[in-house]
Q: 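The structure follows.
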Amino acid sequence: MQYDFRNIEEKWQKTWAERGTFKADNTSDKKKFYVLDMFPYPSGAGLHVGHPLGYIASDIYARYKRHKGFNVLHPMGYDSFGLPAEQYAIQTGQHPKNTTEINIEGCLDDEGNILSKYIDEDESINNEALIDKSKPVTIYDADYRDNVIKGYRRQLDQLGFSFDWSREVRTSDPKYYKWTQWVFIQLFDSWYNTDSDTAEPIESLISAFEKDGNAAVKAVCDDDTPIFSVEEWQAFTDREKQELLLKYRLTYLANADVNWCPALGTVLANDEIVNGVSERGGHPVMRKKMTQWMMRITAYAQRLLDGLDTIDWPQPLKDSQTNWIGRSEGASVSFRVLPLAPAEGGDLNIEVFTTRPDTIFGVSFMTLAPEHELVTKITIPEQKNEVESYIEATAKRSERDRMADVKSITGAFTGAYGEHPFTKEPIPIWIGDYVLAGYGTGALMSVPCGDQRDYDFAKHFGIDIPNIFEGIDISEEAFADKEKTVITNSDFLNGLPYKKAVKKAIAELEKLGQGEGKINYRLRDAVFSRQRYWGEPFPVYYVDGMPQMIADEHLPIKLPEVEKYLPTETGEPPLGNATEWAWDLKQSAVVETKLIDGESVFPLELNTMPGWAGSSQYFNRYMDPHNEDEIYSQDAITYWQDVDLYIGGSEHATGHLLYSRFWQKFMFDRGLVPVDEFAKKLINQGMITGTSALVYRLRLSFKQTDIIGNVEEYLIGFDRMLKSFHSLFVSFDYVKMELGEKESIKFSDNKFLKVRDFLEVYNSDKIDLEIVSVSFDKVHAKVNLVDSSDKLDIDGFKNWQTDYSYSHYLRENGNFTVGREVEKMSKSKYNVVNPDAICEEYGADSLRMYEMFLGPLEQSKPWNTAGITGVHGFLKKLWKLYHSGPNGEFKVTDINSDDNVNGVNTSSEPSNESFKILHKTIKKVEDDIQNFSFNTSVSTFMICVNELTGQNCTSREILEPLSILISPYAPHITEELWHKLGHAESISTAPFPKFKEKYVVESSKKYPISFNGKMRFTMELPLDLDKQQIEDAVMAHEKTQQQLDGRTPKKVIVVPGKIVNIVG
RNA sequence: GCCGAAGUGGUGGAAUUGGUAGACACGAUGGAUUCAAAAUCCAUUGCUCACAAGGCUUGCGGGUUCGAUUCCCGCCUUCGGUACCA
């Protein structure tokens, strides 16, 4: 019997789905275990082999935990709001809801034929069903299925994951985003009490105001919050009260800097901006202030830091969150702006944050971010032009550019001066783009002798560099070593080391009332508004410009329909196009926009929520995903608690993973979740890169003498020079052999004789120019046109790119090979490998095993389909091991079996060797799974099956546990074998085999005998010898004497059970 | 720039605590089987030298150690993140 993976996999996938094998129950006596994957954004391109890597790993772990007797929750869903669907909507007018649904559910029926609703009258396939929408496809095209969207669900299903699909969520489903909106309202209705260090309902803040005003309230709030008394509070109008409360709420409105692109009418992400212009269309981009919803994540800065110590996440990921939060201790210092500055001058102060208050006497200038609000106020008329043009120039640079660029030093003098708090000397105030507006206060006290950037700035603009470090030469560079610091030229700080000087400086500043010790965080409040269509609408309407929440019972507020998905002509977000987008208070319903009267009908919020909104609580929603009354029941969350294992990419380190921790802590504060970290353990899976196939196209450079005798040399595509044929492609083997490491080679070097021959035969009469050198272009070929030995299918290549149909192909030894390069998997590089095709050819079990076999889970690694034959061959061998009967029939022997073959009882005890390899495998695999080292498990299985095959093992006692060991990795084949072994129940809950030490104990060891650290020979010795006995045995060995050649060893190192090393 | 990760045969990788470098695979070469192909099986395969003996070898340069892929110092290269891509 052959290993028929197609039938086996289809059969068991169907059976699992029908039986609900992987449904997790919210009530169970078993211990719970929650394995979570980062849910995908369902893109039209579908899955490539890189996507399932983490899902396979988590599935192995989930299945392993089921074998270990746990009640496992392993859900999957879709992060289905996002930009690509919106971009497509802008281009085609297709509703993102429809494209999203297609991307998830696909366009094929159960037989794999396209659904009739996607076939147009003329039998062509509707554009929305196509992956590559650039050219028309009809149902008569032979391979139309390759270009039809199969849908994420179908692609995931065929990989045999043990997901509990009954719990699926989609962030764009109103039933789901109802609860995203609900959490937003909870945040709006909360403030952060720094006394109790917890978020509290806004009512407690209001009652505090009503009792004592806000002077005594310890809260996280906006910097510009005024102090008011009870009387003042009571005298405030309702609107004033609302404005004040906004300064405390955990989500609030504020003016934030964004990258505004006037031409596109939209805000751009940093990576959508290249060299100061938009990536799409190359339009100018400006920094601009816009009113945005913000999340007061800074309230949680310290707790987000502290929490990192309590979770088992990768250290690099923790490091990046730590750096992101960026805690620094120092002092805030207030500098008076000297009144000789013009206009409003006089009472202006500049707040700076410094980590080095000890260097305050080294200040020789101040630097403000060009965006700093005081810049326009303090700039003197003479400097106005210079300052303004500088501000304009920096507005065009992205923050990342400004941070990355340390070489060009730019800035402008405002003409204004600050006053040193102690010396009262005037300090010139500059602006410079190395100061970022959102970082600290957006202003620096510049100490050139102690900070390299300040030093460079001072040198560049000829500003003083006073030295305040004892015994340090600062003529070449700044001195930033805190440990070796001794302060001098600094009045009361003279002679003090760093730590004492800091303390003293802060104390003196406090005496003056011009500063205090302060902890600063780099973390900023998160912008929560997006000027997009395809996102969660806010449950917010505006009365007199003040935001009001819509009551819980009216949620969800569903996304309105719009004609166009672009911003409006007046620059409002796409929701501004909606004709039905107003809140009627009386009816408690969304009504037509034109009914807005400011009395009972009010405008709704036009922004939508960002991508991370929907993913910040989804892990909790999975626990009770269809609950319509609560975000989840308390029973469900009490049972499941938190995620035990979360697998996903490290690119989410400071986005999703930080925001989710913030929301979880908030939910914890409000008593909605039992723990304040949502995932105990997290593993980052690496990227799978593509292995591109590159075909080498000849380029020749020619020399030509023109009429007046100038000699010109130029490089030209061969095809353009010679009309008689198209490009000449040359086998990579030959190119490499002739070219070596060089890029190009002189024609006179007498290489590439084959090319010369070729030119002579085909074009001798056409070449009237002198060839100078030979080089090559690399052309990407589709990877599936290349086989495991890098040979190109030339006919396939010609068919695929008809431009090359008439090209010539120069072979080497009858083969035409391509070069290989590892690059990111992408459509444009033709190196994307689709899991469907792999499943079709080798099966899901082979794909799962191979993805694991590629290498360590956390590392990025290149995909090369060629290698899959190794694991596929292994599965065939595994199958054979259980099918050693006549004609490949299934055969397993029991110890007490009555089986008789020709009168001989075939029952047999497994051999000691069989037990040994089985138990070695159990030990290794269990260790591997616990260490997430899945690649080494696959090797271990191979060794085990190879050995058992060699031993002709057929014992149930061996083969039954073996199938369980392999089943997390290759669930289909092992389920089939399990079934054949006579079990009615799924293998998935069979108990994991127990490792028994007694089967693997060794009595002797093959010792490596080294001389001066180099292994020369091995020697088998009993393990119970002591050091001296081993030494004696080794010294007595003839090869030892041979090696020593008469010398006496200086020293003999014996490590029992490990090695012997003879020195001398 | 800053932060993080990784460099081992032709390729993916293994070596769990400092102890036989290259497990397990892919590819390649030769052979068996076959009318032939596929499939399967066997042998060889880090480099170097004609063989053997030997020498060299974990990105580069140092160091610690009886012994370093592993620990320390200094460099180089590639990749990821860098606040509106998801």
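Lettering of chains follows the sequences in order, A, B, ..., and the numbering in each one begins at 1.
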Q: Mind checking if A:E858 touches a base, just sugar-phosphate, or nothing, with heavy atoms under 4.0 Å?
A: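 Nothing, no nucleic acid heavy atom in range.
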Q: Tell me: CD of A:Q452 to C1' of B:G1, nearest whole Å?
A: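 Distance check: A:Q452 CD to B:G1 C1' gives 13 Å.
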Q: With a 3.5 Å limit on both atom pairs, tell me what B:G1 is paired to, counting Watson-Crick and G-U wobble, or say none.
A: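 WC or wobble partner is B:U82.
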Q: Over how many whole Å does the gap from A:H48 atom NE2 to B:A86 atom C1' extend?
A: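 Between C1' of B:A86 and NE2 of A:H48: 12 Å.
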Q: Given 3.5 Å as the limit, does a donor-acceptor pair link the side chain of A:T691 with the main chain of A:W863, or not?
A: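 Yes, the answer is positive, given that a donor and an acceptor are paired below the 3.5 Å cut-off.
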Q: Please classify the nucleic acid contact of A:I1053 as base, sugar-phosphate, or nothing, using heavy-atom distances under 4.0 Å.
A: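 Since a base atom lies under 4.0 Å of A:I1053, the category is base.
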Q: Might you work through the side-chain hydrogen bond (donor to acceptor under 3.5 Å, both in side chains) test for A:D79 and A:S615, ending with a clear yes or no?
A: CA-CA 7 Å; A:D79 189 12; A:S615 58; 4.9 Å; no
Q: Let me know the distance between NE2 of A:H883 and P of B:U40, rounded to the nearest Å.
A: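 So the NE2-P distance, A:H883 to B:U40, works out to 17 Å.
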Q: Calculate the interatomic distance between A:F39 atom CZ and B:A86 atom P; express it in whole Å.
A: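 From A:F39 CZ to B:A86 P: 12 Å.
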Q: Considering only atom C1', compute the distance from B:U8 to B:G13 and round it to an integer number of Å.
A: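 So the two C1' atoms sit 9 Å from each other.
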Q: Which residue, A:S529 or A:K1051, contacts RNA chain B at a nucleotide closer to its 5' end, judged by nearest heavy atom?
A: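 The residue mapped nearer the 5' terminus is A:K1051.
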Q: Reckon A:P40 touches a base, only the sugar-phosphate, or nothing at all at heavy-atom distances under 4.0 Å?
A: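 Since no nucleic acid heavy atom lies under 4.0 Å of A:P40, the category is nothing.
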Q: Would you mind reporting whether A:Y842 and A:L847 have side-chain heavy atoms less than 4.5 Å apart?
A: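 With C-beta onward as the side chain, the pair stays apart.
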Q: Using the C1' atom as the reference point in each nucleotide, state the distance between B:C71 and B:G81 in Å, no decimals.
A: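 Roughly 29 Å separates the two C1' atoms.
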Q: Could you identify the nucleotide paired to B:A14, looking across every strand shown and requiring Watson-Crick or G-U wobble geometry with both distances under 3.5 Å?
A: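 By the stated definition (distances under 3.5 Å), nothing pairs with B:A14.
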Q: Have a look at B:G74 and give me syn or anti from its glycosidic angle (syn if within 90° of zero).
A: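 Because its glycosidic torsion lies more than 90° from 0, B:G74 adopts the anti conformation.
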Q: Is B:U65 paired to anything, Watson-Crick or G-U wobble with both distances less than 3.5 Å, and if yes, which nucleotide?
A: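 No nucleotide pairs with B:U65.
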Q: With both distances kept under 3.5 Å, what pairs with B:A36, Watson-Crick or G-U wobble?
A: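 B:A36 is unpaired by these criteria.
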Q: Test A:Y3 against A:W879 for ring pair (Phe, Tyr, Trp, His ring centres under 6.0 Å), laying out the working first.
A: CA-CA 6 Å; A:Y3 166 44; A:W879 184 260; 5.8 Å; yes
Q: When you measure from the side chain of A:T817 to the backbone of A:D733, do you find a donor-acceptor pair of N or O atoms at a distance under 3.5 Å?
A: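 Yes, because the side chain of A:T817 sits within donor-acceptor range (under 3.5 Å) of the backbone of A:D733.
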Q: Need one value for A:F853: base, sugar-phosphate or nothing, where a base atom within 4.0 Å counts as base even if backbone is also close, heavy atoms only.
A: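 It contacts base atoms.
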Q: Just compare B:C26, B:A14, B:G12 and give me whichever is closest to any side-chain atom of A:P856.
A: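 Among B:C26, B:A14, B:G12, the one nearest the side chain of A:P856 is B:A14.
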Q: Which listed nucleotide (B:A86, B:U16, B:G12) is nearest to the side chain of A:D927?
A: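 My answer, after comparing the listed nucleotides, is B:U16.
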Q: Would you mind classifying the nucleic acid contact of A:N1061 as base, sugar-phosphate or nothing, using non-hydrogen atoms under 4.0 angstrom?
A: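 A:N1061: base contact, heavy atoms under 4.0 Å.
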Q: Along nucleotides 76-83 of chain B, 5' to 3', which nucleotides get a B, which get an S, and which get a -, given that the test is a protein heavy-atom distance under 4.0 Å?
A: ----SSBB
Q: Using the C1' atom as the reference point in each nucleotide, state the distance between B:A23 and B:G4 in Å, no decimals.
A: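 My reading of the C1' atoms in B:A23 and B:G4 gives 30 Å.
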Q: Between A:Y618 and A:W663, does the ring centre distance come in under 6.0 Å?
A: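 They do not qualify: ring centres at least 6.0 Å apart.
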Q: Select base, sugar-phosphate, or nothing to describe what A:R820 touches, counting heavy atoms under 4.0 Å on all strands.
A: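 Nothing: the residue A:R820, judged by heavy atoms under 4.0 Å, touches no strand.
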Q: For B:A83 and B:U77, measure between their P atoms and round to the nearest Å.
A: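 That atom pair is separated by 25 Å.
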Q: How far does CG of A:L523 sit from CZ of A:R327, to the nearest 0.5 angstrom?
A: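 Output value for this atom pair is 13.0 Å.
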Q: Using both distances under 3.5 Å as the test, list the Watson-Crick or G-U wobble partner of B:U70, or none.
A: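 Paired with B:U70, as far as the under-3.5 Å criterion goes, is no nucleotide at all.
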Q: Which one is paired to B:U29, where only Watson-Crick or G-U wobble pairs with both distances under 3.5 angstrom count?
A: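 Answer to the pairing question: B:A43, which forms a Watson-Crick or G-U pair with B:U29.
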Q: Picking from B:G13, B:A5, B:U20, which would you name as closest to the side chain of A:P316?
A: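 So the side chain of A:P316 is nearest to B:A5.
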Q: Can you tell me, in whole Å, how much space there is between the C1' of B:G27 and that of B:G12?
A: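 Their C1' atoms lie roughly 11 Å apart.
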Q: Would you measure the distance from the C1' atom in B:A15 across to the matching atom in B:G62 and give it in whole Å?
A: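 Here B:A15 and B:G62 have their C1' atoms 25 Å from each other.
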Q: In this structure, how many angstroms lie between the P atom of B:G13 and the CE atom of A:M849, rounded?
A: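 Whole-Å distance recorded here is 18 Å.
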Q: By nearest atom, which of the nucleotides B:C24, B:C66, B:A39 is closest to the A:K876 side chain?
A: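 It is B:A39.
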Q: Between A:R1016 (CZ) and B:A53 (C1'), how many Å, whole number?
A: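 These atoms are roughly 11 Å apart.
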Q: Would you indicate what A:Q292 reaches in the nucleic acid, counting non-hydrogen atoms under 4.0 angstrom: base, sugar-phosphate, or nothing?
A: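 Base, at least one base atom sits under 4.0 Å.
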Q: Please report, rounded to the nearest Å, how far the C1' atom of B:C26 is from the CG atom of A:D787.
A: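 After rounding, the gap between these two atoms is 12 Å.
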Q: Let me know which of A:W612, A:F662, A:W293, A:Y659 forms a ring-ring contact (aromatic ring centres under 6.0 Å, His included) with A:F528.
A: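 Only one of A:W612, A:F662, A:W293, A:Y659 forms a ring-ring contact (aromatic ring centres under 6.0 Å, His included) with A:F528, namely A:W612.
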Q: Say we look at B:G59 and B:U70: how far apart would their C1' atoms be, to the nearest angstrom?
A: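 These two C1' atoms come out 16 Å apart once rounded.
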Q: Using purine N1 to pyrimidine N3 plus N6-O4 or O6-N4 for Watson-Crick, or N1-O2 and O6-N3 for G-U wobble, both under 3.5 Å, which nucleotide pairs with B:A52?
A: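 In the structure as shown, B:A52 has no Watson-Crick or wobble partner.
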Q: Using the C1' atoms only, state how far B:C60 lies from B:C66, rounded to an integer number of Å.
A: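 Roughly 26 Å separates the two C1' atoms.
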Q: Strictly below 4.0 Å, heavy-atom distances to any atom of RNA chain B: list the hits from residues 932-946 of chain A, or just say none.
A: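 RNA chain B contact set from residues 932-946 of chain A: A:N935, A:T936, A:S939, A:M942, A:I943, A:N946.
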Q: Determine, using ring centers only, whether A:F5 and A:H872 are less than 6.0 Å apart.
A: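 A:H872 vs A:F5: aromatic centres under 6.0 Å.
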Q: What nucleotide among B:U20, B:U40, B:G12 has an atom nearest to a side-chain atom of A:K880?
A: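 The nucleotide sitting nearest to the side chain is B:U40.
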Q: List the steps and the verdict of side-chain hydrogen bond (donor to acceptor under 3.5 Å, both in side chains) for A:T608 and A:E536.
A: CA-CA 5 Å; A:T608 53; A:E536 296 87 347; over 6 Å; no
Q: Could you tell me how the ring of A:Y969 sits relative to the ring of A:F934: parallel (under 30°), tilted (30 to 60°) or perpendicular (over 60°)?
A: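 Correct class here is perpendicular.
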Q: Hey, are the side chains of A:K880 and A:T949 touching, using non-hydrogen atoms and a 4.5 Å cut-off?
A: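 They are not in contact (no side-chain heavy atoms under 4.5 Å apart), so the answer is no.
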Q: A:Y521 versus A:W324: any side-chain heavy-atom pair under 4.5 Å?
A: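 With C-beta onward as the side chain, the pair stays apart.
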Q: Quick one: A:Q859 CD to B:G4 C1', roughly how many Å, whole number?
A: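 Distance, rounded to whole Å: 14 Å.
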Q: Base, sugar-phosphate or nothing for A:K924? Non-hydrogen atoms, less than 4.0 Å.
A: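 Base contact.
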Q: Sort out the partner of B:U77 for me: Watson-Crick or G-U wobble, both distances under 3.5 Å, none otherwise.
A: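 Partner of B:U77: B:A6.
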